[in-house]
Amino acid sequence: MNKIKLGIIGMGRMGITHYSIINSHPDVEIVSVADTSKMILDILKKYVPDLQVFKDYKELIDASKPDAIIVCTPPNLHYEVCNYACEHDIHVFCEKPFTANIEQAKELKEKFAAKSLINQVGYVNRFNDIFMTVKKYINEGLIGNIVRFRSEMFTCTVTKKEETESWRSFRENGGGAVYEIAAHAIDLVDYLIGKPDKIVGTSMNQIYSKHVEDIVSSTFVYNNGTSGTLYVNWCDTSYRKPANKLELFGIKGKILADQHGLKIFLNADDLQTGYKKGWNTVYITDVFTSVDFYVRGNEFTRQLYYFADSILKKESGNKCDFSAGYDAQYVMNQLFVDSESNKLN
Amino acid sequence: MEKIDKIIFGDNQFFGINHMSQEKAQQLSEKFFNIENIYKVYDIAFANGIQAVMLNSNDRAREICDYFRNHKSQYGHLSWYPSIPYPHKYANMVNEKGIFPAINDVLFKNNTALGVLGMVAKGGMAVLNKDAIELMKMLVDVEAKIYKGLNVKVIFLQNIIVDLLLGYDFKDVFYEYCEYIRKKYHAIPGLITQNLPFLKKKLEEWQIEEVVICSSINKIGYLMSPDVPTYVETINNNHSDKYQLMAMSTLASGAIRAKDAYEFINSLNLQSVVFGASSEKNIQETVSLINIK
Ligand SMILES: NC(=O)c1ccc[n+]([C@@H]2O[C@H](COP(=O)([O-])OP(=O)(O)OC[C@H]3O[C@@H](n4cnc5c(N)ncnc54)[C@H](O)[C@@H]3O)[C@@H](O)[C@H]2O)c1
């Protein structure tokens with residue numbers, strides 16, 4: 001294969017970042033972008049004369065014939081864009097949340113698997129140096145079987161009543177703290193512990209949003225006796241940047257982790273890792289590996305390079321595929337169902 | 001190109017930024033909530049011979065700049081190295097409204113402190129022409145206002161913007177930024193990056209010279225893309241009359257002991273180091289360890 005011909009659909013915040021990152025990949029050529037906003041298309045056209053720009057994603061696919069696309073539209077459009085790409089045998093990287101509807105997630109997962117096209121969802125924490133390290137330690141049995149966990153995420157995304165409404169203001173468009181933020185905290189659980197067998201005790205609060213939830217908490221239960229809690233708040237102004245926080249309690253010790261580092265408590269010395277009985281601190285500077293081009297954190301580069309390298313068959317492509325996208329979608333759907341049934345009136 | 005200061009005092013320590021530990025960052029941000037405590041640390045730095053300050057245009061920059069402007073007789077000799085913009089200031093607006101409405105608000109709504117009339121006339125044009133370079137100049141003006149009247153030597157563009165634009169290969173935007181800073185502000189254009197070798201290669205290709213490049217430089221390669229050997233080669237083959245190189249994150253958020261960190265820094269062909277510290281002991285120690293040519 002020559003260079004991968006790539007198109008980007010949805011040039012908002014994420015599309016703009018992804019363009020910059022993937023444009024640095026030596027085997028990728030960005031041939032086209034699509035967005036319904038003329039403003040961004042005009043600017044790009046002006047400074048990148050060779051780029052083909054489209055208002056309609058179908059035209060992008062029909063006319064520029066990309067090998068692969070990156071989908072960064074609002075979530076309610078992910079399904080139709082991915083579906084159209086699948087019909088045209090195009091590899092897809094789709095931003096999270098995978099869809100805004102569980103049936104659509106299932107259908108896409110099955111269709112892409114049947115065609116053996118590379119498919120990836122933007123759960124970027126799977127490419128984060130710290131969380132990759134946590135995964136490795138869990139697999140090696142450092143803290144033994146995990147009995148109990150907490151997965152939390154805090155951001156200051158919504159800090160006052162919104163003056164204008166956008167796709168973020170409506171659940172059916174993929175807005176709300178669950179789709180926007182909790183998605184990441186849920187995917188971390190899926191990635192590190194597995195998909196829960198039952199979801200109970202879900203509750204949601206509104207602070208500033210009119211139509212969607214601002215806070216969510218829930219309990220995840222597993223057939224093997226493990227359980228854990230989820231707590232996510234996107235109105236927390238005490239956090240300058242989005243923060244994931246994890247606590248994993250196992251029979252041999254526990255791990256506390258966030259994007260910056262991890263603390264490990266062990267009941268006994270561990271020969272393989274060299275960690276001692278008691279507290280051990282691991283900083284990001286102890287475990288990071290560099291990426292070739294940095295825009296917004298190593299994980300963002302790593303996830304897109306992984307997508308391109310999977311198309312080039314240098315990677316397996318299954319680290320965060322549409323079935324992972326479906327799993328998170330399933331949990332989010334359960335959260336909505338469960339919280340409805342827990343309402344008092 | 002005018003020589004930049006060898007040692008520059010940074011500001012991350014004041015604003016709850018610590019890449020290593022949120023807890024540490026929290027403690028510091030509590031301590032420096034009272035702005036007097038910030039001025040005290042500056043005075044310690046100045047007493048130890050530092051005469052240059054790098055300041056990010058965050059929420060408190062305006063107040064800090066006012067203070068130094070109002071005490072000109074005492075601080076008039078200092079050189080300033082502002083870096084713009086402060087991304088988090090815009091992040092929420094962009095979240096809520098999208099990119100272009102947010103830019104619009106910054107330029108036309110939240111402009112109590114700006115020269116409104118000229119700006120609106122210019123802005124109306126820029127938006128009509130969808131001219132990214134005009135927009136860029138206006139955003140620079142909004143941010144640069146904070147530092148007006150101070151002795152500004154370099155105006156840096158933050159890495160989050162530089163590296164994003166670098167990925168797009170936007171030569172014109174880099175060129176115009178540098179020219180604008182030189183002509184309008186009579187300062188040296190500065191670019192902060194986490195991709196020093198790539199940026200420098202591009203600047204050479206584009207024939208953009210006489211620029212200060214600031215980048216994380218530490219021996220473990222933290223926040224250095226692609227890797228340490230490529231950095232070392234780039235730095236040691238550099239001609240400082242074309243590009244003056246400034247090191248930041250020299251301790252890699254505390255992962256490296258100061259002595260080892262500066263042994264590495266001093267072995268490189270660097271023109272400047274920016275560091276932040278909040279205790280007299282650390283400031284003294286760092287100043288005594290920095291020994292670049
Ligand atoms: N992984 C992460 O950390 C992360 C962070 C932010 C957003 N996201 C996800 O990325 C996606 C986009 O979010 P965003 O913040 O960039 O939103 P955004 O609103 O900034 O951008 C969406 C873009 O899609 C365009 N668009 C709308 N309809 C379109 C259509 N029919 N065809 C083509 N383009 C169309 C809009 O004009 C806009 O430019 C969402 O799924 C979001 O959840 C992921």
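Quick note: numbers below take in every heavy atom, side chains included, and nothing from hydrogens, waters or symmetry partners. First the proteins, then the strands, lettered A, B, ... as listed; each starts at 1.
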Does the side chain of A/Ile207 come within less than 4.5 Å of A/Trp234's, by heavy atoms?
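Not in contact.
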Determine whether B/Phe170 and B/Ile133 make a side-chain contact, defined as any pair of heavy atoms from C-beta on separated by less than 4.5 Å.
no
Do the ring centers of A/Phe154 and A/Tyr231 come within less than 6.0 Å of each other?
yes
Not counting sequence neighbours, which residues clear ring pair (Phe, Tyr, Trp, His ring centres under 6.0 Å) with A/Phe131? List them please.
none
State which residues pass ring pair (Phe, Tyr, Trp, His ring centres under 6.0 Å) with A/Phe54; sequence neighbours excluded, sorted by chain then number.
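In terms of ring pair (Phe, Tyr, Trp, His ring centres under 6.0 Å), with neighbours along the sequence ignored, A/Phe54 is linked to no residue.
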How far apart are the C-alpha atoms of A/Lys314 and A/Asp27, what are their side-chain angles, what is the distance that settles it, and do they pass the salt bridge (charged side-chain N to carboxylate O under 4.0 Å, His left out) test?
CA-CA 12 Å; A/Lys314 293 178 189 163; A/Asp27 299 318; 3.5 Å; yes
Quick one: of [options], who has the most non-hydrogen atom pairs under 4.5 Å with chain A?
options                      : answer
B/Ser225, B/Gly221, B/Pro226 : B/Ser225
B/Met224, B/Lys171, B/Gln194 : B/Gln194
B/Thr230, B/Ile256, B/Leu166 : B/Leu166

Taking side chain as everything from C-beta outward and backbone as N, CA, C, O, which of these in B/Tyr168 sits under 4.5 Å from a heavy atom of chain A? Side chain, backbone, both or neither.
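Interface part for B/Tyr168: both.
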Find the one option among A/Gly297, A/Ser290, A/Ser238 whose heavy-atom pairs under 4.5 Å with chain B are most numerous.
A/Ser290
So which of A/Leu44, A/Asp292, A/Thr289, A/Asn298 has the biggest tally of heavy-atom pairs under 4.5 Å with chain B?
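Ranked by contacts with chain B, first place is A/Asp292.
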Region of A/Phe288 in contact with chain B, defined by heavy-atom distances below 4.5 Å:
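Looking at A/Phe288, just its side chain touches chain B.
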